Amino acid sequence: MRSLIIAIAASLALTAPASAHAFLDHAEPPVGSTMDKAPAQLSLWFTEDLEPAFSGVTVTDAHGHAVGAGKAHVDAQNRRLIHVPLKALGPGTYRVKWHVLSTDTHRTQGSYTLTVGR
Ligand SMILES: [Cu+2]
């Protein structure tokens with residue numbers, strides 16, 4: 001019995017996830033920032049490699065209208081980085097919502113705001 005418990009404990013340790021979930025590490029422009037000039041795109045860096053087919057970012061204005069100029073996409077060279085092309089943004093506050101699937105198959109999501117000044 002005791003050896004069985006040890007065997008189970010050992011197998012649990014071996015199957016425990018080797019990596020953490022993917023969370024937003026940082027972004028450019030920075031999370032929560034206010035800027036004078038509207039950015040042409042956003043870049044979001046995550047803490048783990050992402051599955052491109054199940055990871056995305058949407059950006060909406062104060063009325064909830066999407067302001068992305070095409071699909072957000074995971075960088076071809078860096079699977080922790082997502083690029084988000086944007087339309088020409090007027091002054092206002094925008095919400096950036098991200099949802100990602102990391103290569104350890106865990107889903108995470110979050111959001112933050114960006115403000116373009118007058
Ligand atoms: Cu995970």
Side-chain angles (χ1 to χ4, degrees):
M1 185 62 189
R2 184 169 173 191
S3 64
L4 177 64
I5 289 171
I6 291 170
I8 290 171
S11 75
L12 285 176
L14 285 174
T15 56
S19 59
H21 302 6
F23 285 105
L24 183 62
D25 185 63
H26 66 285
E28 186 55 47
V31 170
S33 59
T34 298
M35 62 217 94
D36 294 333
K37 274 192 177 173
Q41 70 158 15
L42 309 181
S43 297
L44 286 77
W45 284 266
F46 290 84
T47 57
E48 302 291 332
D49 286 359
L50 308 176
E51 290 294 348
F54 300 98
S55 301
V57 179
T58 58
V59 185
T60 50
D61 66 15
H63 304 288
H65 299 134
V67 296
K71 233 182 164 211
H73 56 276
V74 175
D75 189 278
Q77 313 297 328
N78 180 357
R79 290 185 67 184
R80 298 183 177 204
L81 170 60
I82 296 184
H83 298 287
V84 189
L86 297 174
K87 295 175 182 169
L89 303 184
T93 296
Y94 297 86
R95 179 156 294 273
V96 182
K97 279 189 184 171
W98 56 267
H99 67 275
V100 298
L101 181 70
S102 54
T103 52
D104 70 359
T105 72
H106 293 138
R107 287 177 188 279
T108 47
Q109 60 184 3
S111 73
Y112 63 92
T113 58
L114 288 176
T115 301
V116 177
R118 289 170 194 282

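Ligands are counted one by one from 1 in listed order, and the atoms in each one are counted from 1 as well. What you are looking at is a predicted structure, and each value in this text was computed from that prediction instead of being measured.
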Next on the checklist: With a 4.0 Å cut-off on N to O distance, would you call Arg79 and Glu51 a salt bridge?
Outcome noted: yes

Item to check | Side-chain donor-acceptor pair present, Thr93, Thr115, cut-off under 3.5 Å | outcome: yes

Checklist entry - Closest to the Cu ion (ligand 1), which N/O/S atom of His21 is it? => result ND1

Checklist entry - Asp61 and His63: side-chain donor and acceptor closer than 3.5 Å? => result no

Next on the checklist: Looking at the Cu ion (ligand 1), is there an N, O or S atom belonging to Asp104 that lies under 2.8 Å away from it?
Outcome noted: yes

Checklist entry - Which class fits the ring pair His21 and His106: parallel under 30°, tilted 30 to 60°, perpendicular over 60°? => result tilted

Next on the checklist: For the Cu ion (ligand 1), give me the closest N/O/S atom belonging to His106, just the atom name.
Outcome noted: ND1

